[in-house]
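Scroll down for the structure; my scribbles are underneath it.
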Amino acid sequence: MSYQQVTTVDVVQADLVHPLFHRLQQAVDILVFNPPYVPTPDEEVARGGIAAAWAGGNRGRMVIDRVLPMTLSEALLSLRRGKIRNSHVSHNNKPHVQAEAVGAAQVHKLLSRGGHFFMVTVPENDPQEILSMMATQGLHGSIVLTRRADEELLHILHVIKE
């Protein structure tokens, strides 16, 4: 690889990759995701501040489940069943989860053919269930590393889009 000097950087503050989703579809070769995975009360996820770095809500999955390959109908069904909390209403009074389910960081749509997705999880997140959900979208993966970090048992998932 040749050396290239970067002279400008555009910084984008976003909710996951929502504003860039259409530009990134099938263009991401490697995606690394270290979500807030610690199981907490759902209210802590919306609290913001430093809690946003670790507070994962029920089963530590509130942010993770927004990234998993869901269709709009699956997201709405989950919303109705109370599996996804609607903590934000958009400017047009529609649940924010609708836009997220359609366009915000669906791994299978972001990855290029042969693309790799790495994600940090803990046992409470149910990594095997996450891998099973990915498999329904044609993404194949496994737990490639398990390591204890203080009191946490971390699992690194590696998923490939073939």
Side-chain angles (χ1 to χ4, degrees), residues 1 10 12-40 42 44-46 52-88 90 94-149 152-162:
M1 204 184 282
D10 292 325
V12 177
Q13 181 177 353
D15 181 16
L16 299 174
V17 297
H18 182 69
L20 303 173
F21 183 76
H22 293 291
R23 276 183 51 195
L24 294 176
Q25 282 190 47
Q26 298 184 22
V28 177
D29 295 325
I30 298 175
L31 179 60
V32 178
F33 185 42
N34 184 8
Y37 53 73
V38 176
T40 63
D42 288 350
E44 287 191 38
V45 176
W54 54 267
N58 182 36
R59 298 188 327 148
R61 295 271 299 261
M62 280 189 76
V63 175
I64 292 171
D65 286 344
R66 289 178 48 213
V67 173
L68 295 180
M70 297 191 323
T71 64
L72 178 58
S73 60
E74 289 169 326
L76 293 175
L77 183 59
S78 294
L79 179 64
R80 286 188 200 110
R81 291 182 178 165
K83 291 183 180 178
I84 298 174
R85 299 269 191 263
N86 181 20
S87 60
H88 173 72
S90 66
K94 293 185 179 177
H96 194 60
V97 70
Q98 291 180 18
E100 293 159 0
V102 172
Q106 294 178 24
V107 174
H108 68 293
K109 289 185 179 178
L110 287 172
L111 289 178
S112 62
R113 188 168 192 80
H116 297 261
F117 173 62
F118 295 90
M119 182 170 69
V120 180
T121 64
V122 293
E124 295 85 355
N125 305 147
D126 198 349
Q128 289 299 334
E129 180 184 64
I130 292 169
L131 291 170
S132 294
M133 291 175 76
M134 295 289 204
T136 67
Q137 300 297 315
L139 302 169
H140 305 285
S142 63
I143 297 172
V144 294
L145 180 67
T146 300
R147 177 171 291 162
R148 185 158 296 282
E152 294 180 324
L153 183 63
L154 303 176
H155 298 293
I156 307 300
L157 307 184
H158 178 205
V159 176
I160 301 171
K161 180 178 181 180
E162 296 176 353

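Excluded from the calculations below are hydrogen atoms, water molecules and symmetry mates; all remaining heavy atoms, backbone and side chain alike, are included.
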Examine distances only and state if a side-chain atom of [X] and a backbone atom of [Y] form a donor-acceptor pair shorter than 3.5 Å.
X: Arg59; Y: Glu124; result: no
X: Lys161; Y: His108; result: yes
X: Asp42; Y: Asn58; result: yes
X: Ser112; Y: Val28; result: yes

Find the distance between [atom1] ([X]) and [atom2] ([Y]) and round it off to the nearest 0.5 Å.
X: Arg147; Y: Glu152; atom1: CZ; atom2: CD; value: 13.5 Å
X: Leu139; Y: Ile160; atom1: CG; atom2: CD1; value: 10.0 Å
X: Gln128; Y: His155; atom1: CD; atom2: NE2; value: 8.5 Å

Does a side-chain heavy-atom distance below 4.5 Å link [X] with [Y]?
X: Tyr37; Y: Met119; result: no
X: Arg61; Y: Ile130; result: yes
X: Val107; Y: Val159; result: no
X: Phe33; Y: Val63; result: yes
X: Leu111; Y: Phe117; result: yes
X: Leu110; Y: Phe21; result: yes

Which atom names give the shortest non-hydrogen contact between [X] and [Y], and what distance separates them?
X: Thr146; Y: Ile143; value: OG1-CG2, 3.6 Å
X: Ala55; Y: Val45; value: O-CG2, 3.4 Å
X: Leu157; Y: Pro127; value: CD2-CB, 3.8 Å
X: Thr40; Y: Gly56; value: OG1-N, 3.6 Å
X: Pro123; Y: Leu153; value: CD-O, 3.1 Å

*asked:* Using the side-chain contact (heavy atoms from CB on, under 4.5 Å) definition, which of the options Asn34, Leu145, Asn125, Ile64 pairs with Val120?
replied: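 Considering Asn34, Leu145, Asn125, Ile64, a side-chain contact (heavy atoms from CB on, under 4.5 Å) with Val120 is found only for Asn34.
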
